[in-house]
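Side chains included, hydrogens not; waters and symmetry mates left out as well; all remaining heavy atoms used. No experiment lies behind these values; they were computed from the predicted model shown.
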Amino acid sequence: SVDLLNPWQENAANQDEQRWLDTLNAEYRKAGIAPIELLPAGESVFDRLTATAPSRITDGPLVSIVTCTHRPDWQLATSVRSVLAQSWQNWELLIVDDASGDEFAPVLDEVAAMDPRIRVLRLTENGGAYRARNEAMRHINGEFVTFHDDDDWMHPQRIEIQVQHLIKNPQYPANTSQYRRMLPNGFLSYGRRLRLLGISEVSIMFRPAQVLPVVGGFDPVRKGGDTEFRLRVGAAFGIAVPTLRNYPGLMLGRFDPASLSGSEFGDEWAHEARRLYWASAHAYHSSIAAGTRSPFVGPNPEDRQCPIPGRFLGQPNRVLDVDDVILIPGVPEGEQADLRAELALIASLRTQGRRVGVSLVVTPSYPHIRGKLPEQLHEPILNGNIALVPLTERGQAARLWSLVPEAVQFLTDDPLQYSFSEAVIVAAPGTEQTTWDRSTVAANLHRQFSIEAARVHVVSDVTAAPGPSE
């Protein structure tokens, strides 16, 4: 209903900004926190966002707020302005410039001059947001630390609410708040996906003296590291990091469909690299909870304890070769799938001395974009005995195996770069023309991997597959 009342859309039926604000603020008023207002002017509707805290809190522990930026523009001022408006006044803001270049110095100098509590840390080598956050940890002074993106807006009571929750609930090592995504024109939805309330990963707040000696820091990947960090903290301390769901959107995230994250999510879709990173991290966190692996992640890539797609390492041209790749359907948390045949095939291939890899797939029967790896594969994958293969990255294998024909029947349209000499499709008798058909499977394998139809072997049992050289 908020979007229906958006007065900035073309041919808008409603031209009343206050009516739109009243609808947007219904949940804020219900939660007893300050309503959102609009400045008279700004670069966009998003940049006009403002709110006034009902009171100022001048005593209490120091909170360090870390904002990482690269090639900042006027959006950084909107982000910083929302920090200045916080009801919790005992804060410091450390802006970490991730090697933007000298031409961006005026923007950084301008925001640093907005308040004496703001400092700028300039890095000489670009390493991504999570490396920048890790470096920031060496320069902060707060009893608590939290993060804020350089193009987002935070509610003026966000810091107050999160600090007071942690003070009153010392059993929690950290907390997060909720967020809404908003387009620059004020829309809260994009395509068919409503931008409902979700976890604001960047909002995680914790006591660095308590948490960092246990978990080290953020995984120095190029993206997705904040979710991994939150889940790792929960696994390390044996209690899930709570999200303060009694309060609506304490963070409003500026949403750009063409952004790094916006281009990797869609309607019930996520890029393969995201899905593999989630699955690999879940295996790692499960081992932390079981006490078999350390939660400590140091600043260097070699400190990482789970395999990562090259796309997440800034290495999109990495090559990963194996002998056989088995397609595995991702299974949602708390559910089981009968993967005994796949596990037996993996064991048999490894006994033959073959280099084995697995790749997670999404199918109509297993449509879970956050599907997990079978528990039996956790340690072999974490140890590197089985490769986690991104089909969207370069590499080659002799043979592709699919024991779920529909995984190939509905093979993704995303551009795949991996190559295979041949494929084996294991299908139970009588299933063809019900859940899959041979011509579509063959066409998909040729389209994505250039496998000729003569090199596609359809068998009823793994043992009936011809040898790789046949």
Side-chain angles (χ1 to χ4, degrees), residues 24-25 27-29 31-39 42 46-69 72 74-96 108 110-121 133 136 139-169 174-180 182 197 199-208 226 243-244 246-254:
L24 176 67
N25 281 320
E27 291 182 329
Y28 291 89
R29 291 194 171 93
I33 58 177
I36 293 175
E37 304 167 19
L38 290 175
L39 295 171
F46 190 96
D47 295 287
R48 293 175 59 197
L49 295 172
T50 188
T52 303
S55 62
R56 295 291 179 102
I57 300 172
T58 56
D59 58 348
L62 177 66
V63 178
S64 296
I65 304 169
V66 174
T67 294
C68 300
T69 190
W74 47 266
Q75 297 177 72
L76 178 60
T78 298
S79 171
V80 172
R81 180 167 48 79
S82 70
V83 174
L84 298 178
Q86 290 300 299
S87 61
W88 191 272
Q89 285 290 288
N90 194 15
W91 54 260
E92 64 172 3
L93 173 61
L94 181 60
I95 298 175
V96 186
L108 295 165
E110 180 180 345
V111 295
M114 293 171 71
D115 193 282
R117 292 168 291 182
I118 300 174
R119 292 179 289 142
V120 176
L121 174 64
R133 288 186 193 178
H139 300 270
I140 59 174
N141 303 301
E143 180 180 335
F144 295 91
V145 64
T146 189
F147 306 89
H148 185 48
D149 280 347
D150 66 348
D151 58 350
D152 288 350
W153 182 89
M154 72 166 89
H155 187 277
Q157 290 171 269
R158 182 208 141 195
I159 300 298
E160 170 194 346
I161 289 169
Q162 289 190 240
V163 169
Q164 290 181 342
H165 174 266
L166 289 177
I167 291 174
K168 294 176 182 177
N169 299 276
N175 64 22
T176 61
S177 57
Q178 295 192 103
Y179 83 108
R180 293 182 187 275
M182 179 181 282
L197 293 170
I199 298 174
S200 171
E201 300 291 2
V202 72
S203 73
I204 190 167
M205 179 181 286
F206 57 90
R207 292 179 174 91
D226 39 16
T243 298
L244 307 186
N246 291 335
Y247 301 94
L250 295 179
M251 295 283 290
L252 287 180
R254 188 191 304 262

According to salt bridge (charged side-chain N to carboxylate O under 4.0 Å, His left out), who are the partners of Glu27, at least two apart in sequence or on a separate chain? Arg180
Please list, chain by chain and in numerical order, all residues satisfying salt bridge (charged side-chain N to carboxylate O under 4.0 Å, His left out) with Arg117, sequence neighbours excluded. Asp115
Could you list the residues that satisfy salt bridge (charged side-chain N to carboxylate O under 4.0 Å, His left out) with Arg81, not counting sequence neighbours? none
Would you say Ser82 and His148 are linked by a side-chain donor-acceptor pair, where the criterion is simply a distance under 3.5 Å? yes
If you round to the nearest 0.5 Å, how far is CG of Leu250 from CD of Gln157? 8.5 Å
Quick check, are the ring centers of Tyr28 and His155 under 6.0 angstrom apart? yes
Residue list, side chain to side chain contact (heavy atoms under 4.5 Å, CB included) with Pro61, at least two apart or on another chain: Trp88, Glu143, Phe144, Val163, Ile167
Once ring pair (Phe, Tyr, Trp, His ring centres under 6.0 Å) is applied, do any residues pair with Phe147, and if so which ones, sequence neighbours excluded? Phe218
Can you sort out the partners of Arg119 under side-chain hydrogen bond (donor to acceptor under 3.5 Å, both in side chains), two or more places apart, ordered by chain and number? Glu92
Can you confirm whether Leu62 sits close enough to Asn141 that some side-chain heavy atom of one is under 4.5 Å from a side-chain heavy atom of the other? yes
Would you sort out whether Thr176 and Thr243 count as a side-chain hydrogen bond (donor to acceptor under 3.5 Å, both in side chains), showing the intermediate values? CA-CA 5 Å; Thr176 61; Thr243 298; 2.7 Å; yes
Would Met154 and Ile159 count as a side chain to side chain contact (heavy atoms under 4.5 Å, CB included) here? Give the steps. CA-CA 9 Å; Met154 72 166 89; Ile159 300 298; 4.1 Å; yes
